[in-house]
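Worksheet: one structure, shown below.
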Amino acid sequence: MKIRIGIGILVFFALMALAGPLLVGGDPAATGAGGLQGPSAEHWLGTTQTGQDIVRQIVFGARISMGVGLLSAVIATAFAVLVGLVGGYFGGAIDEVLSVLTNIFLVLPALPLIIVLAGYLPQRGVASVAVVIAVTGWAWGARVLRAQTLSVRRRDFVEAARASGERPLRIIFYELLPVLMPVIATSFLATVVGAILAEAGLSFLGLADLSTVSWGSMLYFAQINQALLIGAWWWFVPPGLCIALIGTGLALVNFGIDELANPRLRTIKIKAIKVKRT
């Protein structure tokens with residue numbers, strides 16, 4: 001049930017990002033005469049102080065916010081998989097060096113580091129912001145994957161592959177990687193949530209590309225124009241609600257995958273069902 005609800009939320013936002021701009025059309029940054037109008041038949045979620053349509057900004061902003069989240073998660077997860085699996089499989093000096101590198105990034109405060117790195121970016125485009133977020137978001141996944149690799153590398157199928165003369169990299173990516181896919185999936189989804197929140201935080205602080213419309217930049221302009229004080233709730237509630245909903249959808253899918261992949265959680269769930277029936 002959790003996975004179904006989460007997938008439903010994600011599909012809705014994916015369709016919004018892909019097909020929404022074709023439906024609403026126009027320029028999300030286009031200004032109009034009617035500033036700070038509340039929700040109406042003409043503007044379903046009202047307008048900003050300069051007459052920009054909130055619905056149009058929400059739809060176009062979904063592409064940027066979700067795009068940054070997905071790109072950051074892909075980069076961070078790829079690096080986490082490489083570091084975690086290689087260190088966990090080989091052990092020894094290689095594992096020690098990679099573990100030290102992972103620990104350094106784990107103890108560094110993520111948000112201040114993102115702010116510092118973003119402040120020195122020559123260009124604050126989507127790709128640049130995504131890379132900055134990925135640099136600070138790979139360590140947790142690498143630590144989890146290393147621990148799982150250490151527990152799997154001595155199993156019979158790995159020993160059989162090693163005894164048959166398979167090369168280490170082939171064992172890592174053809175034997176260990178498929179077994180660890182549930183762990184990688186949960187790490188990826190958690191990274192997407194963190195990346196979307198980080199992008200919103202950078203935009204809110206004015207450190208992202210404010211020339212593009214995203215949910216974070218909407219919150220930034222609502223804040224500097226004092227939308228809360230003047231009661232223009234339709235300016236900041238919709239983007240904040242979108243961030244919360246997509247985070248909820250990703251978390252539900254993550255919890256559902258964890259329940260399916262974790263035997264302990266599956267056992268607890270089966271016992272709970274039996275108790276209810278009795």
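The two atoms that bring N254 and A190 nearest to each other are ND2-N, 3.7 Å, heavy atoms only. Smallest separation of non-hydrogen atoms from S217 and L210: CB-CD2, 4.1 Å. Closest approach of L219 and P239 over heavy atoms only: CD2-CG, 3.8 Å. The minimum heavy-atom distance between I257 and A185, with the atom names listed, is CD1-CB, 4.3 Å. Here the shortest heavy-atom pairing between T212 and D209 reads OG1-O, 2.9 Å. Heavy-atom minimum distance, L245 versus I9: O-CG2, 3.5 Å.
At most 12 non-hydrogen atoms from other residues, nucleotides or ligands lie less than 6.0 angstrom from OH of Y174.
F13 and W215 have their aromatic ring centers within a separation under 6.0 angstrom.
Contact annotation: the side chain of W140 never approaches that of F105 to less than 4.5 Å [non-hydrogen atoms, C-beta and beyond]. Using a 4.5 Å cut-off on side-chain heavy atoms (C-beta onward), L70 and F188 make contact. Side chains of V68 and I196 form no contact here, defined as non-hydrogen atoms less than 4.5 Å apart. By the 4.5 Å heavy-atom criterion applied to side chains, W234 and P39 are counted as neighbours. Here the side chains of V253 and L10 are in contact, with some heavy-atom distance below 4.5 Å. Inter-residue side-chain proximity for L205 and I115 is flagged as met; some heavy-atom pair is nearer than 4.5 Å. Side-chain contact between E199 and L202 is absent, with no heavy-atom pair separated by less than 4.5 Å. The shortest side-chain heavy-atom distance between H43 and V55 does not fall under the 4.5 Å cut-off.
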message = Set out, in order, the CA-CA distance, both residues' side-chain angles and the distance that settles side-chain contact (heavy atoms from CB on, under 4.5 Å) for I184 and L177, then state yes or no.
response = CA-CA 9 Å; I184 296 171; L177 187 62; 3.3 Å; yes
request  = Given side-chain contact (heavy atoms from CB on, under 4.5 Å), test V213 with I64 step by step and report yes or no.
outcome  = CA-CA 7 Å; V213 177; I64 302 298; 6.0 Å; no
ask   = Going through the distances and angles, do D27 and F60 end up as a side-chain contact (heavy atoms from CB on, under 4.5 Å)?
value = CA-CA 9 Å; D27 182 5; F60 278 86; over 6 Å; no
ask   = For I94 and L98, what are the C-alpha separation, side-chain angles and deciding distance, and is it a side-chain contact (heavy atoms from CB on, under 4.5 Å)?
value = CA-CA 6 Å; I94 296 176; L98 294 178; 4.0 Å; yes
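At a threshold of 4.5 Å between side-chain heavy atoms, the hydrophobic network of Ile, Leu, Val, Met, Phe, Trp and Tyr places I5 and V193 in one connected group. By the criterion of side-chain heavy atoms lying less than 4.5 angstrom apart, applied directly or through intervening Ile, Leu, Val, Met, Phe, Trp or Tyr residues, L228 is grouped together with I243 in one hydrophobic cluster. Criterion: ILVMFWY side-chain heavy atoms under 4.5 Å apart, direct or through other members. Under it, V86 and V100 are part of a common hydrophobic cluster. When the side chains of ILVMFWY residues are joined at heavy-atom separations under 4.5 Å, either directly or via intervening members, L108 and V131 end up in a single hydrophobic cluster. By the rule that hydrophobic residues join a cluster once side-chain heavy atoms approach within less than 4.5 Å of another member, I104 and V132 end up as members of one cluster.
With values rounded to the nearest 0.5 angstrom, I75 atom CD1 is found 11.5 Å from T191 atom OG1. L82 contributes atom CG, which lies 12.5 Å from atom OG1 of T77 (distance to the nearest 0.5 angstrom). Q57 contributes atom CD, which lies 11.0 Å from atom CG of L45 (distance to the nearest 0.5 angstrom). Of the inter-residue distances, the one linking R153 atom CZ with R162 atom CZ reads 8.0 Å to the nearest 0.5 angstrom. One finds the OG1 atom of T50 at 8.0 Å from the CG atom of N225 (value rounded to the nearest 0.5 Å). In this structure, the separation between CZ on R167 and CZ on F173 is 12.0 Å, given to the nearest 0.5 Å.
Looking at R146 and D95, a side-chain N of the basic residue comes within less than 4.0 Å of a carboxylate O on the acidic one, giving a salt bridge.
With hydrogens and angles disregarded, no donor-acceptor distance shorter than 3.5 Å links the side chain of R143 to the backbone of T102. When atom types are taken as modelled, the side chain of W138 and the backbone of V135 share a donor-acceptor pair closer than 3.5 angstrom. Using a distance-only test at 3.5 Å, with no hydrogens or angles considered, no donor-acceptor pair links the side chain of S72 to the main chain of G69. When atom types are taken as modelled, the side chain of S203 and the backbone of A200 share no donor-acceptor pair closer than 3.5 angstrom.
Residue Y89 forms a side-chain contact (heavy atoms from CB on, under 4.5 Å) with just one option from L169, V152, L150, I171, and that option is I171.
Side chains of T47 and Q52: no donor on one and acceptor on the other come within 3.5 Å.
For R4, there are no salt bridge (Lys or Arg N to Asp or Glu O under 4.0 Å) partners two or more places apart in sequence or in a different chain.
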